[in-house]
Amino acid sequence: MLAELISPWFRAQARDLPWRRPETTPWGVLVSEFMLQQTPVARVEPVWLDWMARWPAPSALAAAPRADVLRAWGKLGYPRRAVRLHDAAAAIAEQHADTVPSDVDALEALPGVGSYTARAVAAFGYARRTPVVDTNVRRVVARAVHGQGDAGPARVKADLADVDALLPVGDAEAAVVSAGLMELGAVVCTARSPRCPLCPVEHACAWVTAGRPAYDGPRRPVQGFAGTDRQVRGKLMDVLRTALGPVERAALDAVWSDAGQRDRCLDSLLVDGLAEQTDDGRFALPA
DNA sequence: CAATCGTGGCG
DNA sequence: TCGCCAAGATT
């Protein structure tokens, strides 16, 4: 029911995102999915284009120094994703003959690849029928199927089953519906002020039928940022990324006044493989 | 399960 | 201005 409405809408209205172009390889899809984890499309686009030009295959990325990878990641945020993608590329090059797996279980075994990313790569990289459940899809299902104003806390198995029930039988067509569900949530069925008059599902939507009741369930508390370790780590990484070579400890000390927090964050960056200490005691991105 | 992990734009 | 958010994964 919903699928028949979403599919033609998506074919006609889908944004022309670079990783959706027909020449994009599964590797390109995988890279896009890593970058899009918690990061808006607009910020990902230029970085993805740069990465595809530099590292068109997993083996190419795997051969790059980690410092180059982290600099190319730029300010997308959550730089551990870059480390995991780098490691995933090495695993694909060495264990999968430089070919991104199409099997969900094999994908999930890669570093940084969870339930969502594995299914997204199978669906968008290989046109497989598999439920792809992200925050957008959960919101669309909560509204259109369950008549609720928003999605509550994730219920992994039930969410997968909900989406699976919406997908048509055929692989290729199911993959289009999966992409359409995400597009709908991203562009029309948005968290704030959904554009119901533009929605292909409006007249089949349980939430609209119910009079668009407000969401009453529990809200995920919004993460603070100012003053957190996340902010401090970000400032430290910015120094290391910008520097041409190793920097003195003084250069890192300058970004945050609380020495205890600063040292703890620097240690965590070393542990995460985002920074290293040189023999002469300075700090740099890992070679 | 809840906390943690960056960044910047927008209403 | 500032809270809220944007295609999650890991521990």
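Letters A, B, ... mirror the listed sequences (proteins, then strands); counts begin at 1. Keep in mind it's a predicted model, so treat the numbers as computed, not measured.
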Colleague: I need the single residue from A:R139, A:R219, A:R192 that forms a salt bridge (charged side-chain N to carboxylate O under 4.0 Å, His left out) with A:D150. Which is it?
Modeller: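 Between A:D150 and the candidates, salt bridge (charged side-chain N to carboxylate O under 4.0 Å, His left out) is satisfied uniquely by A:R219.
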
Colleague: Between C:dA9 and B:dG8, how far apart are the P atoms? Round to whole Å, please.
Modeller: 23 Å

Colleague: What is the distance, rounded to the nearest whole Å, between atom CZ of A:F34 and atom P of B:dT7?
Modeller: 18 Å

Colleague: Step by step, would you call A:D162 with A:R138 a salt bridge (charged side-chain N to carboxylate O under 4.0 Å, His left out)?
Modeller: CA-CA 9 Å; A:D162 280 349; A:R138 296 204 321 111; over 6 Å; no

Colleague: Find the distance A:R80:CZ to C:dT11:C1' and express it as a whole number of Å.
Modeller: 9 Å

Colleague: At under 4.0 Å between heavy atoms, what does A:S115 touch on the DNA or RNA strands: base, sugar-phosphate, or nothing?
Modeller: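 Sugar-phosphate contact only - A:S115 comes under 4.0 Å of backbone atoms but never of a base.
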
Colleague: Quick check: on DNA chain C, is the nucleotide nearest A:R15 upstream (toward 5') of the one nearest A:R84, or the reverse? Name the residue that is more 5'.
Modeller: A:R15

Colleague: Regarding A:W73, tell me which of base, sugar-phosphate or nothing describes its non-hydrogen contacts under 4.0 Å with the strands shown.
Modeller: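 Nothing, no nucleic acid heavy atom in range.
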
Colleague: For A:F225, which contact category applies under a 4.0 Å heavy-atom criterion: base, sugar-phosphate, or nothing?
Modeller: base

Colleague: Students often get this wrong, so: under 4.0 angstrom with heavy atoms, is A:T228 touching a base, only sugar-phosphate, or nothing?
Modeller: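 Nothing: the residue A:T228, judged by heavy atoms under 4.0 Å, touches no strand.
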
Colleague: Are A:K75 and B:dG8 close enough that a side-chain N or O sits under 4.0 Å from OP1 or OP2?
Modeller: yes

Colleague: Just call it for A:R233: base, sugar-phosphate, or nothing, with non-hydrogen atoms closer than 4.0 Å on any strand.
Modeller: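 It contacts sugar-phosphate atoms only.
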
Colleague: Hey, does A:A120 reach any base, or is it just sugar-phosphate, or nothing, if we go heavy atoms under 4.0 Å?
Modeller: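 Answer is nothing: A:A120 stays at 4.0 Å or more from every strand.
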
Colleague: For A:E33 and A:R119, run salt bridge (charged side-chain N to carboxylate O under 4.0 Å, His left out): C-alpha distance rounded to whole Å, both residues' side-chain angles, the deciding distance at 0.1 Å, then the answer.
Modeller: CA-CA 10 Å; A:E33 295 300 341; A:R119 290 172 174 79; over 6 Å; no

Colleague: Just to be sure I understand the rule, does A:D272 reach a base, reach only the sugar-phosphate, or reach nothing, if contact means heavy atoms closer than 4.0 Å?
Modeller: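 Touches nothing.
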
Colleague: Which one, B:dG8, C:dA7, C:dA6, comes nearest to the side chain of A:R20?
Modeller: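 Ranking B:dG8, C:dA7, C:dA6 by closest atom to the A:R20 side chain puts C:dA7 first.
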
Colleague: Name the nucleic acid region contacted by A:V113, choosing base, sugar-phosphate or nothing; use a 4.0 angstrom heavy-atom cut-off, strictly under.
Modeller: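 Result for A:V113 = sugar-phosphate.
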
Colleague: Expressed in whole Å, how much space separates the P atoms belonging to C:dA7 and B:dA3?
Modeller: 22 Å

Colleague: Between P on C:dA6 and CD on A:E33, what's the gap in Å once rounded to a whole number?
Modeller: 16 Å

Colleague: At 4.0 Å (heavy atoms only), tell me whether A:L85 reaches a base, stays on the sugar-phosphate, or touches nothing.
Modeller: nothing

Colleague: Counting only side-chain heavy atoms from C-beta out, which of B:dG6, C:dG3, C:dA7 sits nearest to A:T39?
Modeller: B:dG6

Colleague: Starting from P on C:dA9, measure out to CG on A:L110 and report it in whole angstrom.
Modeller: 12 Å

Colleague: Look at all strands and tell whether A:T135 reaches a base, only sugar-phosphate, or nothing, counting heavy atoms closer than 4.0 Å.
Modeller: sugar-phosphate

Colleague: Specify the separation, in whole Å, of atom CD of A:Q231 and atom C1' of C:dC2.
Modeller: 15 Å

Colleague: Look at A:R143 together with A:E202 and state whether they make a salt bridge at an N to O cut-off of under 4.0 Å.
Modeller: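 So A:R143 does not pair with A:E202 through a salt bridge.
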
Colleague: Look at all strands and tell whether A:G114 reaches a base, only sugar-phosphate, or nothing, counting heavy atoms closer than 4.0 Å.
Modeller: sugar-phosphate

Colleague: For A:G77, is there any backbone N or O sitting under 3.5 Å from a side-chain donor or acceptor partner on A:R81?
Modeller: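 Answer holds: yes.
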
Colleague: So, does A:T117 get its side chain near the phosphate of C:dA9, meaning an N or O under 4.0 Å from OP1 or OP2?
Modeller: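 Yes, such a contact exists.
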
Colleague: Looking at A:D229 and A:R262, is any side-chain nitrogen of the basic one under 4.0 Å from a carboxylate oxygen of the acidic one?
Modeller: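 Not counted as a salt bridge, because no side-chain N and carboxylate O are separated by less than 4.0 Å.
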
Colleague: Rounded to whole angstrom units, what separation is found between the OH atom of A:Y78 and the P atom of C:dA7?
Modeller: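 Going from OH in A:Y78 over to P in C:dA7 covers 13 Å.
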
Colleague: Using a cut-off of strictly less than 4.0 Å, decide whether A:R119 has a side-chain nitrogen or oxygen near OP1 or OP2 of C:dG8.
Modeller: no

Colleague: Choosing from B:dG6, C:dA7, C:dG3, which nucleotide comes nearest the side chain of A:R43?
Modeller: B:dG6

Colleague: Base, sugar-phosphate or nothing for A:P153? Non-hydrogen atoms, less than 4.0 Å.
Modeller: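 Since no nucleic acid heavy atom lies under 4.0 Å of A:P153, the category is nothing.
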
Colleague: Is any side-chain N or O of A:Q37 under 3.5 Å from a base N or O of C:dG8, one able to act as donor and the other as acceptor?
Modeller: no

Colleague: Please report, rounded to the nearest Å, how far the C1' atom of C:dG8 is from the CZ atom of A:R138.
Modeller: 12 Å

Colleague: Mind checking A:Q223 for me? I need base, sugar-phosphate or nothing, with any heavy atom below 4.0 Å counting as a touch.
Modeller: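 Base contact.
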
Colleague: Using whole Å, report how far CZ of A:R81 lies from P of B:dG6.
Modeller: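 Those two atoms, CZ and P, are 10 Å apart.
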
Colleague: Are the ring centres of A:W55 and A:W27 closer than 6.0 Å?
Modeller: no

